[in-house]
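Notes follow once the structure below has been shown.
First the proteins, then the strands, lettered A, B, ... as listed; each starts at 1.
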Amino acid sequence: MEEKYLPKSIEEKWQGFWEANKSFKVTEDQSAKKYYLLEMFPYPSGRIHMGHVRNYSIGDVIARFKRMRGFNVLHPMGWDAFGMPAENAAIQNRSHPARWTHENIAYMRVQLKKMGFSYDWDRELATCDVEYYKWEQLIFLQMYKKGLAYKKTSFVNWCPRCGTVLANEQVEDGCCWRCDSVVRQKELEQWFFRITDYAEELLDYTFKLSGWPERVLTMQRNWIGKSYGCEIDFPLEEHLAKIRVFTTRQDTLFGATFMSLAAEHPMALDLATPDNRAQVEAFIEKVQKSDKARRSAEDFEKEGVFTGSYCINPVTNCRMPVYLANFVLMDYGTGAVMAVPAHDQRDFEFANKYGLPLRVVIRPEGESLDPGAMTAAFTTEGILVNSGRFDGLGNEEAKEIIADFLEKEGIGTKSVNYRLRDWGVSRQRYWGNPIPMIYCDLCGAVPVPEQELPVLLPMDVTFAGEGGNPLDKVDSFVTTTCPQCGEAARRETDTMDTFVQSSWYFLRYCSPDFAAGPLDRARSEYWMSVDQYIGGIEHAVLHLLYARFFTKVLRDLGYIGIDEPFSNLLTQGMVIKDGAKMSKSKGNVVDPDALIKRYGADTARLFSLFAAPPEKDLEWSDQGVDGSFRFLNRVWRLVFDTLPLLHRAATLDPENLNDEGKALRRNVHKTIRKVTEDIEERFHFNTAIAAIMELVNTIQAFEPKNDPQSAPVLKEAIEGIIRMLAPFVPHFAEEVWAGLGNTGGIDKAGWPACDAAATMDEELLIVVQVNGKLRGKVTVPACADEGTVKEKALADAKVLPFLEGKKVRKVIYIPGKLINIVVN
RNA sequence: GCCCGGGUGGCGGAAUUGGUAGACGCAAGGGACUUAAAAUCCCUCGGUCGCAAGGCUGUACCGGUUCGAUUCCGGUCCCGGGCACCA
């Protein structure tokens, strides 16, 4: 052990040691308790950023802690390697997405290794490798067979100038980010996964995932959005057809005075009367031009157009004009809304704008409601009026009664509706997993036979940045023959959404080299489910919902026997600097490489864990990093200075200590208990580190006496510190541990055990309050009963003045903590 | 607009089940060591009144429950994140 703490050489040394010994390589060991720890894998964007450092530092603490506690820990790492940025970079640099991606992976792998994260690198995978994506193609085919993958038309953002589909993030203020043309909605045939088949189960399990943050579960429940209501048919005046609506407010049916349809509604054009046809067509065109993001903006002007047709309210028999309205979405319900302007704010505004009638059917209890005087819709609970035989009912109870009535009369049916929509997985992009389908003029869409997999993504492609998917132009890829009839046919050129790859990578990690299928069932069942998953809160819905869905699909395809992929979830906050999220454009980025170079990886890890608890945002502070570095230096000196004493230390005899020794030992074991709980139960690494710092301060104040028991107590204390620090600053701990004369690595030493007997206090400090205000403190023997404490508190010199001339009404005693004297 | 979080010193944060508000760290100020600087060590550090002992006050704001509220309840304001106008 050197006199001075030199992180660079220490870190290189131990990283070499771990690599040479394959310290973190694991296999399925039935005799050991398994622990699968996973952090969300990175997109290989170029370099790691502080968010990665934080995410992976949090994970590494848990991995190393569990290892020290004797678990067989699976801790893998890989790359979410397909995606748009690679393609954009290829266009910009006139290079190839594969090259860009692999270079980035190589660089970032070095960075992660420099951080000292304890991964089993033998399991590394990249989703753009054919060994990964070919199995995904197989899964797609099996989903297709079961009807879980299907094709339907839907709308995409389309740039007419580039001739390209745009992602939402490529649309800026309704215009193409590259050429600034106005983006329009284009209808396209696309592949979908039937996630809605699993809506009920996905919802159900949100009530069983006890290891997930309630916040995330709430968001997922809201996303799935189950609601109970009715489907009601409104007959058309001049047609045989009916318009079907879904509503959760059947209690307001008597107040429905007009009908609003989505512009995309299949009946929209048919309902346009000759006089109105031109306006209706113009309106549909206009809605298609407005992009989805804008359409949902707060200040979006509610607009509509009258079709010229009328339908009939089935309970009031009133004529209801049928409008198209820009705020009605085809994706939710039936794409048609019965408009109740008196009791829905949007309908109220719409009715005002187009001079449509208002009919009050609910009034506040004990009051009446004048339709002419209303300035907003009345949307709270009340009593039904103008509703025939239902008048006088409370509107909540009326929901059930009216639903029953509608069913009996054959007007409508009770219905459950979900917000969740099927998952569109088609992407008109090159850098993704090719969807294994073939189009034949005679046979239609034909799946690629399983034995012909993989459909290789061709490498000889040029990137222009316009004119659509580059894959379309690779003749050798597109041109093929129909597997069914042998005639000339075309390959599907859509690739799969990258969320598909991230929906099952955690399963592939269990058997990454398995050559006979996507996963080796025996190995997967040993490791799954993931015991602890860690990642950013931004993935609370999409990724985490898709991964849950995919796990259930793989279960139903017979690949695995579990229902849910992640038993416990930890969502971490963002890394902030100067009050904003770190980003290149804001220029407030802290480069992990520079940090490692200056302080070493251990300091970077320590600070990112100490500055805030994981789930909170972390405000970066350069001075704070200095503080963490100073702390490590202090510990280093403490060990180095006491080394000669520690080497001579006799065996510890806990029964035979002086008061100072006992006090220090009590401190050591109380700290062990706290740090263990903070890591294991709360993931509050900041307070765990603070507790270790306090113990270091205590040890520094401890003066070893010339008695035989001082050195062993000190030795136990210092060894405890080093072992507790090991998950946080592993290189540092390994070096110091070896310096203390230990061999074989600190993992083998295990996590220190708390000796409960040593934590027992001999005396307790009792806080004395008078009328709830702190007035004094008394020290009593730990065994003192209530009477003794009370006596001592009432006699305390600092308390007495507050009792003078007053009468003691009550004394409340909280054992071992506090006594409150109530006087008046 | 809807949904989900959050608001504690100059700063990051602590107070885990309603029981000492401000642990730990940073910054700042003072001191020791040094020819000097760095490093290190020691002291002070919410506000306010006081020579001091100590008092009063204080966890966004207003109110409530309680012997006791940063913590629970009702209302208000502000900040952050998410969204697919959810009928």
Side-chain angles (χ1 to χ4, degrees), chain A residues 168 213-219 221-223 225 227 229 245-249 252 256 260 292-293 295-300 302 325-329 331-340 343-347 417-421 537-538 540-542 573-574 576 579-581 606-607 610-613 615-628 630-631 633-634 637 674 677-678 681-682 684 686-694 696-697 700 765-777 798 801 809-814 816-824:
Chain A
N168 282 337
E214 200 48 48
R215 175 152 87 117
V216 174
L217 296 173
T218 306
M219 283 162 93
R221 276 175 213 137
N222 291 347
W223 192 265
S227 62
V245 305
F246 171 78
T247 181
T248 56
R249 293 301 308 273
T252 64
S260 303
K292 283 180 200 158
R295 209 166 149 188
S296 60
E298 182 184 332
D299 55 354
F300 195 77
K302 284 158 189 52
N326 61 357
F327 60 86
V328 178
L329 302 179
D331 295 318
Y332 185 77
T334 61
V337 179
M338 66 172 206
V340 186
H343 304 291
D344 181 284
Q345 186 57 27
R346 279 165 315 169
D347 296 341
N417 197 56
Y418 298 92
R419 292 190 342 136
L420 185 70
R421 309 197 303 246
I537 185 71
E538 66 271 22
V541 178
L542 292 178
M574 292 184 301
I576 303 284
K581 186 178 174 168
L606 188 65
F607 177 71
F610 178 59
E615 66 274 12
K616 281 192 115 172
D617 286 350
L618 185 156
E619 172 75 32
W620 192 263
S621 146
D622 292 332
Q623 290 99 337
V625 181
D626 271 329
S628 294
R630 275 204 291 269
F631 169 70
N633 277 287
R634 205 156 75 234
R637 277 195 307 275
K674 168 154 180 69
E677 283 172 4
D678 277 353
E681 291 163 27
R682 301 204 301 160
H684 276 207
N686 55 331
T687 52
I689 294 166
I692 297 172
M693 285 174 168
E694 281 183 83
V696 170
N697 293 343
Q700 272 181 329
L765 183 74
I766 306 290
V767 169
V768 186
Q769 294 182 337
V770 178
N771 287 345
K773 288 196 174 181
L774 176 69
R775 296 303 181 190
K777 292 169 187 176
K798 287 190 174 152
R809 293 277 162 197
K810 209 186 332 178
V811 177
I812 292 148
Y813 178 57
I814 308 297
K817 265 191 176 164
L818 171 144
I819 189 160
N820 187 14
I821 304 161
V822 185
V823 299
N824 65 356

Is K777(A) side chain donor-acceptor paired with the U20(B) base, going by distance under 3.5 Å alone? yes

With a 3.5 angstrom cut-off on both distances, give the Watson-Crick or G-U wobble partner of A60(B), or none if there isn't one. U76(B)

Counting only side-chain nitrogens and oxygens, does Y332(A) get under 4.0 Å of the OP1 or OP2 atom of C85(B)? no

Counting side-chain heavy atoms from CB outward, which of G25(B), C67(B), U40(B) is closest to K810(A)? C67(B)

Is there a Watson-Crick or G-U wobble partner for G25(B) with both distances under 3.5 Å, and which nucleotide is it? C11(B)

State whether N697(A) places a side-chain N or O below 4.0 Å from either non-bridging phosphate oxygen (OP1 or OP2) of C24(B). no

For C26(B), take OP1 and OP2 only and decide whether either is under 4.0 Å from a side-chain N or O of R630(A). yes

Taking the side chain of R637(A) as its heavy atoms from C-beta onward, which of C67(B), U40(B), A15(B) lies nearest to it? U40(B)

Can D678(A) and K674(A) be counted as an ion pair, charged N to O under 4.0 angstrom? yes

Once hydrogens and angles are ignored, does a donor-acceptor distance under 3.5 Å link the base of U16(B) to the side chain of K674(A)? yes

Return no unless some side-chain N or O of K798(A) is found under 4.0 Å from OP1 or OP2 of G54(B). yes

Relative to the 5' end of RNA chain B, which residue comes earlier, E677(A) or G225(A), by the nucleotide with the nearest heavy atom? E677(A)

Within the structure, does a side-chain N or O atom of R775(A) lie under 4.0 Å from either OP1 or OP2 of G68(B)? no

R682(A) side chain near A15(B) phosphate (N/O to OP1/OP2, under 4.0 Å): yes

Write down the partner of G1(B) under the Watson-Crick or G-U wobble criteria, each distance required to be under 3.5 Å. C83(B)

Should C41(B) form a Watson-Crick or G-U wobble pair with both distances under 3.5 Å, which nucleotide is its partner? G31(B)

For Q769(A) and F246(A), find the nucleotide of RNA chain B closest to each by heavy atoms; which residue's nucleotide sits nearer the 5' end? Q769(A)

Under 3.5 Å on both distances, the Watson-Crick or G-U partner of U17(B): none

